[in-house]
Amino acid sequence: RWRYVEMPVCLLVSEDDSHKPIQLHPQQPVTLGRGPQTKIKDKKCSREQVELRADCSRGFITVKQLGVNPTSVDDVVVGKDNQVTIKPGQRLYLVNQQYPYRVKFTEDTSTPRSAADLTTPSKRPHQMIREKIKSPANPASTPHTDHHRMSDDSPPPKKTLPSESDKSILVFQGSAGHWSQGLKVSMQDPKMQVYKDDRVVVIKDKYPKARYHWLVLPWDSISSLKALRSEHVELLKHMQRVGDQMVQQCPDAHKLSFRLGYHAIPSMSHVHLHVISQDFDSPCLKNKKHWNSFTTDYFVESQDVIAMLEHDGKVTVKDGTSELLKLPLRCCFCHKEQPTIPKLKEHLKTHLPS
DNA sequence: GTTCTAGAAC
DNA sequence: GTTCTAGAAC
């Protein structure tokens with residue numbers, strides 16, 4: 001059956017609020033250990049004891065032991081540099097069978113920020129994500145019509161009684177997230193938003209391919225360029241205006257040039273306008289696909305998309321566009337071919353503003 | 001989309 | 001031997 005739910009979020013929550021919830025972003029590893037974040041002072045626990053990674057689409061978390069002393073899942077020691085998964089019901093002990101955490105699947109939306117969002121009058125229905133709950137595959141997040149609170153869940157049986165400050169719960173919210181839906185999650189996250197109005201929101205690209213790289217997204221869910229029609233022209237013009245504003249407020253706008261456009265065949269769902277500075281000076285630019293997606297006709301200028309929409313009532317992508325990603329690496333300024341990405345990056349420095 | 005890694009390229 | 005990429009896995 002169908003239900004409105006928040007997009008999946010993964011939080012590391014201290015049960016007694018001894019430390020603030022730590023959000024685990026899908027596929028972005030989080031390192032955890034002794035330190036102010038966990039309030040753990042035990043020297044046996046490394047400052048980088050474990051690396052946690054949330055796999056939203058499959059509904060589990062992987063833990064890698066980085067520290068020397070044993071991290072364990074239930075009573076099985078992970079072992080240094082080894083990696084195991086934590087599934088619902090299992091307990092993670094950061095070190096020496098101490099500092100237990102628990103994996104828990106929930107559709108809980110009672111976290112302060114989400115609760116505020118849900119009750120804010122301006123929150124419009126289309127800002128909620130409609131998704132199907134797959135009951136058999138996801139037993140822990142099923143049929144609760146009412147929001148259940150974390151504190152309502154009975155604590156797991158304990159052999160040894162840790163002090164109250166040691167108790168924490170690893171909360172995994174939702175499970176129907178897939179990497180291609182990541183923009184829908186990010187655009188709803190106030191921490192990611194750098195601008196918003198009644199029609200659009202701007203976020204920083206999570207893996208910027210240049211010094212400045214923003215994404216302008218409409219609140220209205222438009223899956224891709226293919227779904228665009230004449231009625232969207234005004235929206236797209238607004239997106240471009242907002243993109244131009246982002247450039248204007250950029251402290252380096254005077255020395256960098258920018259391009260505004262769309263990927264002809266984007267990987268991520270939900271129409272998004274790239275606003276990207278043309279330095280391409282970023283450690284996240286790593287391969288041929290990255291380069292060619294911004295420097296060939298794979299990158300379609302915003303104004304061209306708008307013109308096409310005004311002229312034809314729809315946006316079409318030329319045949320063979322996907323092959324553009326495999327073209328040799330060519331400098332976008334002097335058009336000199338470069339043999340490898342590292343050589344290209346070295347070459348690009350010669351075009352940087354001095 | 002990113003990460004990881006085998007094996008190609010050097 | 002190291003660097004780098006392409007494709008699989010996620």
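Protein chains get the first letters and strands the later ones, always in sequence-line order, with residue 1 at the start of each. Hydrogens, waters and symmetry mates are skipped; everything else that's a heavy atom, side chains included, is used.
Using cut-offs of 30° and 60° on the angle between ring planes, the pair A:H19 and A:Y101 is tilted.
Linking Ile, Leu, Val, Met, Phe, Trp and Tyr residues whenever their side-chain heavy atoms come within less than 4.5 Å leaves A:M268 and A:V202 in two separate clusters.
Using a cutoff of 4.0 Å between basic side-chain nitrogens and carboxylate oxygens, A:D74 and A:R91 are not scored as salt-bridged.
Of the listed nucleotides (B:dG1, C:dC4, C:dA6), B:dG1 has the atom at the smallest distance from the side chain of A:M268. Comparing B:dG1, C:dT5, C:dA6 by their closest approach to the side chain of A:P342 singles out C:dT5.
As judged by a 4.0 angstrom heavy-atom cut-off over every strand, A:H263 is placed among residues touching the sugar-phosphate backbone only. Nucleic acid contact class of A:K326 (heavy atoms, under 4.0 Å, all strands): none. Looking at heavy-atom distances under 4.0 Å, A:S180 makes no contact with the nucleic acid at all.
Side-chain rings of A:H213 and A:F294 approach one another, their centers coming within less than 6.0 Å.
Atom CD1 of A:I341 and atom P of B:dA9 are 17 Å apart (whole Å). Rounded to whole angstrom, the span from the CG atom of A:N287 across to the P atom of C:dA8 amounts to 15 Å. In this entry the distance linking NZ of A:K289 with P of B:dT3 reads 14 Å, nearest Å. In this structure, the NE2 atom of A:H290 is 12 Å from the P atom of C:dA6, given to the nearest Å. Rounded to whole Å, the distance from CD1 on A:I61 to P on C:dC10 is 17 Å. Look at CD on A:E323: it is 15 Å from P on C:dA6, rounded to the nearest Å. Rounding to whole angstrom units, CG of residue A:L344 and C1' of C:dT5 are separated by 14 Å. A straight line from CD of A:Q338 to P of C:dT5 spans 12 Å, rounded to a whole angstrom.
A:K343 has no side-chain polar atom (N or O) that falls below the 4.0 Å cut-off from OP1 or OP2 of B:dA9. Phosphate proximity of B:dT3 to A:K286: present, with a side-chain N or O under 4.0 Å from OP1 or OP2.
Residue A:S293 forms a side-chain hydrogen bond (donor to acceptor under 3.5 Å, both in side chains) with just one option from A:H263, A:H274, A:K288, and that option is A:H263.
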